[in-house]
**Q** 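Input: one structure, supplied below.
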Amino acid sequence: EEIVLPRKKTWDKLAVLQTLASTVNRDPTAAHYMFQDDPFLMPRNAATSRLFSLSKESGRNAAKFIIKQFPQYFDKTFAEPNIPCLMPETLTPQIEGVNEEALKERIHLRRVKDSVDLFDQLIQAGTPVSLETTNSLLDLLCFYGDDESTPQKEEEEKEDLEETEVNASEQQKAPKRQLQRGSQSSGSRWSLFLDSRDDNNAERIFKIMPERNAHSYCTMIRGMVKHGASAKAYDMYIDLLNERHKADVHTFNALITAVPYLKERFLERWELAKVFLNHMAQQEVQPNLLTFNALLKTLRRCGGVGRSMSLSVLKEMEALDIEPSLATYDHLLFTFYRGVGLSSSGIISEVLDDVERRSFTPQDPDDANFFATAMQVCCDLKDIKLAYRLNKAMEKGDNWKFLDVDRLNAYWSKFFSLLCMMEQLDVVLKWYKETSTSLFYPTPKNILDLLQALDAANHLEVIPSVWEDMKQLGFNRRQDLLEELLSLMSREQHPEEIQLAFAKCAEDIQAVHEQSGWEQAPLQWTGSALGHVALLFSRAGRTQDAWNMMERFQQINRIPTDQVMDEFLNCAKQTNSPDEAIKLVKLAVSLGLPSSQRLKSRTEKEFELSEKQKKTLESIQSDSDSSDSDSDSDSD
């Protein structure tokens, strides 16, 4: 009898790890996983978070640089077992001599200068270099320029060509100046980035090539677009057509991206983009996702023309069975919402219908911009329901990986500001507790929005905890936040426990203003801040601290309000301090306040004064009268 054994089950290598990971809840008090689990090495705010993340990556690059510069110290393997993928790469050329194999090796190792020098030596010696090897050298030069390759080159600064639709006169003048400035700077970038001469190494080698094929032209076009020489790239494309070569899809993608640099008017840009699309059809080049993304990126710089044609581009993608990426939707949202002021949520709602159903993988460098752009649109529309849908889509699958440290902070900062504006306070505080310092670091605007939300909900008792967060975030010297904080705390009378907590906050703020140290200069007192602090001390019964604040009014030449004077007098009465009340009257008289007589009358009625204190009080008034009479006689 035949025995049939059950088939062996195939398990995913990551199945166990994924199962374990699904049982772990995120710790809302923990910093980002990239940082060391050490209180002294955890960032306190967005600035230090960026600094720490960049320093960590900088350390990796420094280690790679040392290995590259001194490979002789890393030629021994002590690891058992040896895992080649974890060991440093061999970056030292092994082939010596002047020959094509040595040139291929240096191109493979991305040694730009060595490759160019060796190529020149071969040409001078009369040794022919194959077309394939020369094209590989052009690929290297057009990607890196004449600079040596680095492990991670810094991303090039992108010129801000985001233009809103302007009227006819502005479109004739302003864009022309922008285009001229852009074309001049782009041409110089191509020359300066690659070489100081008019003909850089890439162009020089291209011109001396005895034979050129389509790959040669396409490489040059893409390199020129990459380094900003759009006009030269277009001229090179015309040469390619004259030589009866065909461009590949990547070259067409680059040319479509360069369209805004080539034409001034919006309609002209769209017409040139259509020319490239027609050429693709004539040359039987199948467009891909990046082709449509490049087209949409160009349309976002075409004003009303872009808005009218973007949806047609999406329909064409659907007809070709090409699924949009996050970059596709990012360009679409930018075209319809940024700088236009539309109030309809139809486009973003349809976008979210599709995004919610999918877990995306990176296909375009601009994919990373979608979630921050979409959240900004939700904030502009003031639509909290759309924001919740977007956040749910962001948490689906691996979509959260599109947000790096900077974009993550921008995304959550906008989301939190919208929550403060549209949600109930208990919901706001729940999100604040779960996301603050673990997913993002609140900005000064976020703290201001939170304070306004506390004010709207009449829950000012939460302010002391917000003040502690402000100190941790390094916002305790922000004058606008301090003014708002003090204004809210001193606006109304609160129960004793809350007033004592407010007074403690006021003491911290006083210390910031009177800080004496070489690290930071003390803040300058304003009249309103001084009055708020004096009032908070008075309500907490801290008479001496309140009087110290009152004395500063005269020192900085400011006038206290009647409310501040009355609250201090109430404090003096509560603590039975008639001497402080008399000093207050004296201060009011010296400042020439109209309320001095009223304060004197209150002091006489509400305090039990000794004979000496009564005489002192009378002498203050008599001194004032005599000074007034002296001034009147002088004027006569």
**Q** Can you check whether Phe502 reaches Arg539 side chain to side chain, under 4.5 Å on heavy atoms?
**A**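 They are not in side-chain contact.
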**Q** Do the side-chain N and O atoms of Asn446 and Thr443 include a donor-acceptor pair separated by under 3.5 angstrom?
**A**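 A pair is found: one side chain offers a donor N or O, the other an acceptor, under 3.5 Å apart.
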**Q** Other residues, nucleotides and ligands only: do more than 12 of their heavy atoms fall within 6.0 Å of CD on Glu497?
**A**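 No, because the 6.0 Å sphere around CD of Glu497 holds 12 heavy atoms or fewer from other groups.
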**Q** Could you tell me whether the side chain of Met549 reaches within less than 4.5 Å of the side chain of Trp525, counting heavy atoms only?
**A**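 They are in contact (side-chain heavy atoms under 4.5 Å apart), so the answer is yes.
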**Q** Answer whether the closest heavy-atom distance between the side chains of Leu488 and Leu454 falls below 4.5 Å.
**A**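 They are not in contact (no side-chain heavy atoms under 4.5 Å apart), so the answer is no.
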**Q** Donor-acceptor pair, Asn399 side chain versus Phe360 backbone, under 3.5 Å?
**A**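 A pair under 3.5 Å: yes.
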**Q** Less than 4.0 Å between a side-chain N and a carboxylate O, is that true for Glu57 and Arg60?
**A**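 Looking at Arg60 and Glu57, the cut-off is met.
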**Q** For Leu481 versus Pro444, what's the shortest heavy-atom pair and its separation?
**A**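 The pair with the smallest heavy-atom distance is CD2-O, 3.6 Å.
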**Q** If you apply the rule side-chain hydrogen bond (donor to acceptor under 3.5 Å, both in side chains), what do you find for Thr48 with Asn45, and how did you get there?
**A** CA-CA 6 Å; Thr48 54; Asn45 50 44; 3.1 Å; yes
**Q** Looking at Lys396 and Glu356, is there a salt bridge between them, counting it only when a charged N and a carboxylate O are closer than 4.0 Å?
**A**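 So Glu356 does not pair with Lys396 through a salt bridge.
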**Q** Any carboxylate oxygen within less than 4.0 angstrom of a Lys/Arg side-chain nitrogen, looking at Lys430 and Glu423?
**A**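 Salt bridge between Lys430 and Glu423, a charged N being under 4.0 Å from a carboxylate O: no.
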**Q** Under a 3.5 Å threshold, yes or no: a donor from one side chain and an acceptor from the other, between Gln574 and Asn570?
**A**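 Judged by distance alone, the side chains do not pair up.
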**Q** Identify the two heavy atoms, one from Val466 and one from Ile447, that lie closest to each other, and give their separation to 0.1 Å.
**A**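 Smallest heavy-atom distance, with atoms named: CG1-CG2, 4.2 Å.
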**Q** So, do Leu482 and Phe475 sit near enough that their side-chain heavy atoms are less than 4.5 Å apart?
**A**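 Not touching, per the 4.5 Å side-chain cut-off.
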**Q** Looking at every non-hydrogen atom in both residues, tell me the closest pair between Ala46 and Tyr441 and how far apart they are.
**A**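 Looking at all heavy atoms of both residues, the closest pair is N-CB, 3.4 Å.
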**Q** Flag the pair Asp508 and Lys504 as a salt bridge only when some basic side-chain nitrogen lies within less than 4.0 angstrom of an acidic carboxylate oxygen.
**A**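 Lys504 and Asp508: salt-bridged.
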**Q** Any heavy-atom pair between the side chains of Phe370 and Leu390 that's under 4.5 Å?
**A**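 Yes. Closest side-chain heavy atoms under 4.5 Å.
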**Q** Under 3.5 Å, side chain of Asp398 to main-chain N/O of Lys401, donor-acceptor pair present?
**A**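 It does not hold such a pair.
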**Q** Does some side-chain heavy atom of Val585 sit less than 4.5 Å from a side-chain heavy atom of Ser596?
**A**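 Heavy-atom side-chain distance check fails, nothing below 4.5 Å.
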**Q** Taking the side chain as every heavy atom from C-beta outward, state whether His513 and Leu523 have any atom pair closer than 4.5 Å.
**A**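 Yes - at least one pair of side-chain heavy atoms lies under 4.5 Å apart.
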**Q** Please report the shortest heavy-atom distance between Ala534 and Val564, naming the atom on each side.
**A**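 Residues Ala534 and Val564, closest heavy atoms: CB-CG1, 4.1 Å.
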**Q** Under a 4.0 Å threshold between the charged nitrogen and the carboxylate oxygen, would Glu618 count as salt-bridged to Lys600?
**A**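 Salt bridge: yes.
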**Q** Side chain to side chain contact (heavy atoms under 4.5 Å, CB included) with Phe371: which of Tyr329, Phe415, Tyr411?
**A**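 Answer after filtering Tyr329, Phe415, Tyr411: Tyr411.
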**Q** Okay, side chain of Arg542, backbone of Cys571: is any donor-acceptor separation there less than 3.5 Å?
**A**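 Such a contact is absent between Arg542 side chain and Cys571 backbone.
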**Q** For Asp449, is there an ion pair with Lys445 - N to carboxylate O distance below 4.0 angstrom?
**A**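 Yes, charged N to carboxylate O under 4.0 Å.
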**Q** Can you tell me if Arg300 uses its side chain to pair, donor with acceptor, with the backbone of Leu296 under 3.5 Å?
**A**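 No: the side chain of Arg300 does not pair with the backbone of Leu296.
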**Q** Using a strict 4.0 Å threshold on nitrogen-to-oxygen distance, state whether Lys385 and Asp383 make a salt bridge.
**A**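 Here Lys385 does not pair with Asp383 in a salt bridge, since their nearest N and O are not under 4.0 Å apart.
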**Q** List the atom of Arg307, the atom of Phe336, and the distance in Å for their closest heavy-atom pair.
**A**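 Residues Arg307 and Phe336, closest heavy atoms: O-CZ, 3.3 Å.
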**Q** Checking side chain to side chain contact (heavy atoms under 4.5 Å, CB included) against Thr373, which of Leu332, Asp330, Asp366 comes through?
**A**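 The option that passes is Asp330.
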**Q** Using side-chain heavy atoms (C-beta onward) and a distance below 4.5 Å, is Phe416 in contact with Ser436?
**A**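 No. Closest side-chain heavy atoms not under 4.5 Å.
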**Q** Please determine, by modelled atom types, if Thr543 and Ser577 share a side-chain donor-acceptor pair under 3.5 angstrom.
**A**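 No pair is found: no donor N or O on one side chain lies under 3.5 Å from an acceptor on the other.
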**Q** Can you name the closest pair of heavy atoms from Met42 and Phe52 and give their distance?
**A**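 Between these two residues, the closest heavy atoms are C-CE2, 3.8 Å.
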